[in-house]
Colleague: 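Following this message is one structure expressed as structure tokens.
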2 protein chains.
Amino acid sequence: MRLGKATTYAVFAVLYIAQQKKSKPVQGHEIARNYGIPLEYLLKILQQLVKAQVLISERGRTGGFQMRKSASQTTVLDIVEAVEGPITGEISARREITGASRAKKIVEGLCRDSAGFTRSLLKKVTVQKLIG
Amino acid sequence: MRLGKATTYAVFAVLYIAQQKKSKPVQGHEIARNYGIPLEYLLKILQQLVKAQVLISERGRTGGFQMRKSASQTTVLDIVEAVEGPITGEISARREITGASRAKKIVEGLCRDSAGFTRSLLKKVTVQKLIG
DNA sequence: GGCGATTTACTCGGATAAGCATTGTCCGAGTCAGAAGGG
DNA sequence: CCCTTCTGACTCGGACAATGCTTATCCGAGTAAATCGCC
């Protein structure tokens, strides 16, 4: 399991937002400055989190981002899948390889098991637990 | 767990080689023809498997590829790591993100656990089991 | 001074380039089988 | 007929492009606060 930059940014951005006491929205540039993340890129990632129902956004001068659900109801899996898409186990050249269907099914099963384990692992950890 | 094309080719190529009864080397073009894989690309992948001590190669007119160890001593993990490099759990922007060290360690732990599980999973399955 | 229209500064939002890994291709080095030729 | 030599075709091997995805950036749409003018 290797988390890409985008996903890593996403996790820590959500963490930062969840840690805010105030109910005011947190603005992108504040997160970017704190972690040294390129602002425009971060915004793009935050938008994906909004689409995936992890965050809510507000426009305008006092706008920003807020948690949609509470920190204890938001899991790391939610964040990761929002950015990378669903974690699914599959092999790439499924169509090219003809025959060897038995072996193919076994290998696909392995991938699925790995993906399933990873999903359950990430689902167990909430943002609340990350805060501590 | 998503296996790239190269890795998938590698698994089925090794499977094909292991299935050969004769002790003669199997030639690349035979595998490529059987599975519809681009020959030159397959050769490149097979070379990686040779470097990783999974296969042995022989040049010349009667050359080709053979298993280095027996099918029951060669695991899917050996093949996958030969092509993709070692399966390790890590986050990408480790340096960029400053602070939040507690959360960082937790997330890194998740990645390691996922990687460890996947490794053990792939290690359990030998090429012999794929043949059936 | 109070109220409202306007400006303005700031936000998010989606479309657009740059960098890098994966995938795919080409030509050269090496090696053995088999033909050619002489004994 | 048999052995040696040589040729040639076929192999793997490593260096060289094309493609696709991740990463990064830019400019436009939207919103509320602050400003300015009028009453």
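Note that the coordinates shown come from a computational prediction; the quantities given were computed from them, not determined experimentally. Within every chain, numbering begins at 1; the chains are lettered A, B, ... in the order of the sequence lines, protein sequences first and strands thereafter.
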Colleague: Looking at D/dG13, C/dG14, D/dT25, which one has an atom nearest to any side-chain atom of A/Pro38?
Modeller: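 Output: D/dT25.
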
Colleague: Name the closest nucleotide to the A/Phe65 side chain, picking from D/dA34, D/dG13, C/dC12.
Modeller: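 The closest nucleotide is C/dC12.
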
Colleague: Can you check whether A/Leu3's main-chain N or O pairs, donor with acceptor, with A/Thr7's side chain at less than 3.5 Å?
Modeller: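 No, A/Thr7 side chain to A/Leu3 backbone: no donor-acceptor pair under 3.5 Å.
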
Colleague: Compare the minimum distances between each of C/dT25, D/dG30, D/dT25 and the side chain of B/Glu40, then state the nucleotide with the smallest one.
Modeller: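 Comparing C/dT25, D/dG30, D/dT25 against the side chain of B/Glu40, the answer is C/dT25.
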
Colleague: Is B/Ile31 reachable from B/Leu39 through a run of I, L, V, M, F, W or Y residues, each pair having side-chain heavy atoms under 4.5 Å apart?
Modeller: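 Looking at the clustering, B/Ile31 is in the same group as B/Leu39.
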
Colleague: Does A/Thr62 place a side-chain N or O at less than 4.0 Å from the phosphate oxygens OP1/OP2 of C/dT11?
Modeller: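 No, because none of the side-chain N or O atoms of A/Thr62 sits under 4.0 Å from OP1 or OP2 of C/dT11.
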
Colleague: Please determine, for the side chain of A/Ala6, which listed nucleotide (D/dT25, D/dT23, C/dC12) has the closest atom?
Modeller: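 The closest nucleotide is D/dT23.
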
Colleague: Between A/Tyr41 and D/dT23, is there a contact of a side-chain N or O with OP1 or OP2 at under 4.0 Å?
Modeller: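 Yes, within the criterion.
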
Colleague: With a cut-off of less than 4.0 Å, is there a side-chain N or O of A/Lys44 near OP1 or OP2 of C/dA15?
Modeller: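 So the side-chain polar atoms of A/Lys44 never come under 4.0 Å of the phosphate oxygens OP1 or OP2 of C/dA15.
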
Colleague: Across the strands shown, which category fits A/Gln27 at heavy-atom distances under 4.0 angstrom: base, sugar-phosphate, nothing?
Modeller: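 Sugar-phosphate contact only.
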
Colleague: Between B/Arg2 and A/Val50, which residue's closest nucleotide on DNA chain C lies nearer the 5′ terminus?
Modeller: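 Taking each residue's closest nucleotide, the earlier one in sequence belongs to A/Val50.
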
Colleague: Can a donor-acceptor pair be found, under 3.5 Å and without considering hydrogens, that links the side chain of A/Ser114 to the backbone of A/Leu110?
Modeller: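 Not confirmed, A/Ser114 side chain does not pair with A/Leu110 backbone.
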
